[in-house]
Amino acid sequence: MSLKEKINPSKLPQHIAIIMDGNGRWAKQKGQERIFGHENGVISVRETVEAAAEVGVKYLTLYAFSTENWNRPQEEVIALMQLLVHTISAETATLNKNNIRLQAIGDLQSLPADCYAELNEAIDQTKNNTRTTLVLALSYSSRWEITNAVRQIALHLENKTLLAKDIDENTITANLCTSSMPEPELMIRTSGEHRISNFLLWQLAYSELYFTDKLWPDFRKEDFYEAIIDYQNRERRFGKTSEQLIS
Ligand code: FPP
């Protein structure tokens, strides 16, 4: 029985989020520049998106560029942005062929103009696709997102379109970039690091976390399936006892 066949379709996570980590170390191990790792990371992105669509995962969010990544050496930032623009435009036709919708979360206005334009174009061209939504987190950090949400809520208070007593968890959720998406049930991080690194802090409150030592450019479909199977063997209690879940 293949790993893919071992996946229980009735317990499939609707949303999987991934911190794609280890590109730099992968390149270094091969005596190459860091960008070589990012270039090979694109192959893993393609494999993972394909795998998600094949098994029927509805949302796949990939942490492609964090707010903190702007502090990397300028040449790496430029090369990474070029790679993103190039990949996004090169893959739009394939996304459409496979009925995959592209969306993005983050401070998108801070992206270089060409990157922002290509991204919007791809988002627009794939907007009617329904099989799987691929969400790229770009210039994203959770603290940025939550700060932004607080600012929007404060504006509602100022305009008297919202009363402080009416603020609840739904108010916060509705003002995040992910307001139209279900929360990820599973978060995967590669490269052996056990951190959330400012990624979807609010949305991951009840997510199962899965860590693998594989470096991102080595991550393949089988690794994705393995993470889903691991998730399916866990008991999600949401603060309840095991007995309460059975009854
Ligand atoms: C982390 O590895 C990876 C990134 C910051 C970039 C991820 C980008 C890609 C895989 C390329 C394109 C993506 C898309 C969606 C088209 P790292 O550089 O932090 O690795 P290290 O921890 O080993 O240094």
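Each ligand, and each atom within it, is numbered from 1 in the order the structure gives.
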G24, any N or O under 3.5 Å of ligand 1 N or O: yes
N or O pair under 3.5 Å between N23 and ligand 1: yes
Considering heavy atoms of the protein only, find what lies nearest to [atom] and give residue, atom and distance to 0.1 Å.
| atom | answer |
| --- | --- |
| atom 6 (C) of ligand 1 | A64 O, 3.3 Å |
| atom 5 (C) of ligand 1 | N69 OD1, 3.6 Å |
| atom 12 (C) of ligand 1 | V42 CG2, 3.7 Å |
| atom 15 (C) of ligand 1 | L136 CD2, 3.4 Å |
| atom 14 (C) of ligand 1 | L84 CD2, 3.7 Å |
| atom 1 (C) of ligand 1 | M20 O, 3.0 Å |
| atom 11 (C) of ligand 1 | H38 O, 3.8 Å |
| atom 16 (C) of ligand 1 | T87 CG2, 3.6 Å |

For ligand 1, does [X] get within less than 4.0 Å through its side chain, its backbone, both, or neither, judged by non-hydrogen atoms?
| X | value |
| --- | --- |
| I88 | neither |
| L215 | neither |
| F65 | neither |

Worked verdict on R220 versus D223 for salt bridge (charged side-chain N to carboxylate O under 4.0 Å, His left out): CA-CA 5 Å; R220 290 291 173 268; D223 301 300; over 6 Å; no
Under a 4.0 angstrom heavy-atom cut-off, which atoms of ligand 1 come close to [X]?
| X | answer |
| --- | --- |
| R25 | 21 (P), 22 (O), 23 (O) |
| R72 | 17 (P), 18 (O), 19 (O) |
| W216 | 10 (C) |

Closest candidate by heavy atom, reference atom 18 (O) of ligand 1, pool E68, R34, Q29: R34
Connected via hydrophobic side-chain network under 4.5 Å: Y116 and I123: yes
CG-CD distance between N175 and E145, expressed to the nearest 0.5 angstrom: 10.5 Å
Where is the tightest heavy-atom contact between [X] and [Y], given as atom of each residue plus distance?
| X | Y | value |
| --- | --- | --- |
| C177 | G106 | SG-N, 4.0 Å |
| L163 | L157 | C-CD2, 3.9 Å |
| T190 | K214 | CB-O, 3.2 Å |

Salt bridge (charged side-chain N to carboxylate O under 4.0 Å, His left out) assessment of R25 paired with E193: CA-CA 12 Å; R25 274 164 284 167; E193 305 289 354; 3.3 Å; yes
Qualifying residue for side chain to side chain contact (heavy atoms under 4.5 Å, CB included) with M187, from I16, I19, L200: I19
Verdict with supporting geometry, I153 and L162, side chain to side chain contact (heavy atoms under 4.5 Å, CB included): CA-CA 8 Å; I153 294 168; L162 181 68; 3.8 Å; yes
Mutual orientation of the aromatic rings belonging to Y140 and F199 [parallel < 30°, tilted 30-60°, perpendicular > 60°]: perpendicular
Parallel, tilted or perpendicular, as decided by the 30° and 60° cut-offs, for the rings of W216 and F219: parallel
Min heavy-atom dist G22 to ligand 1 below 4.0 Å: yes
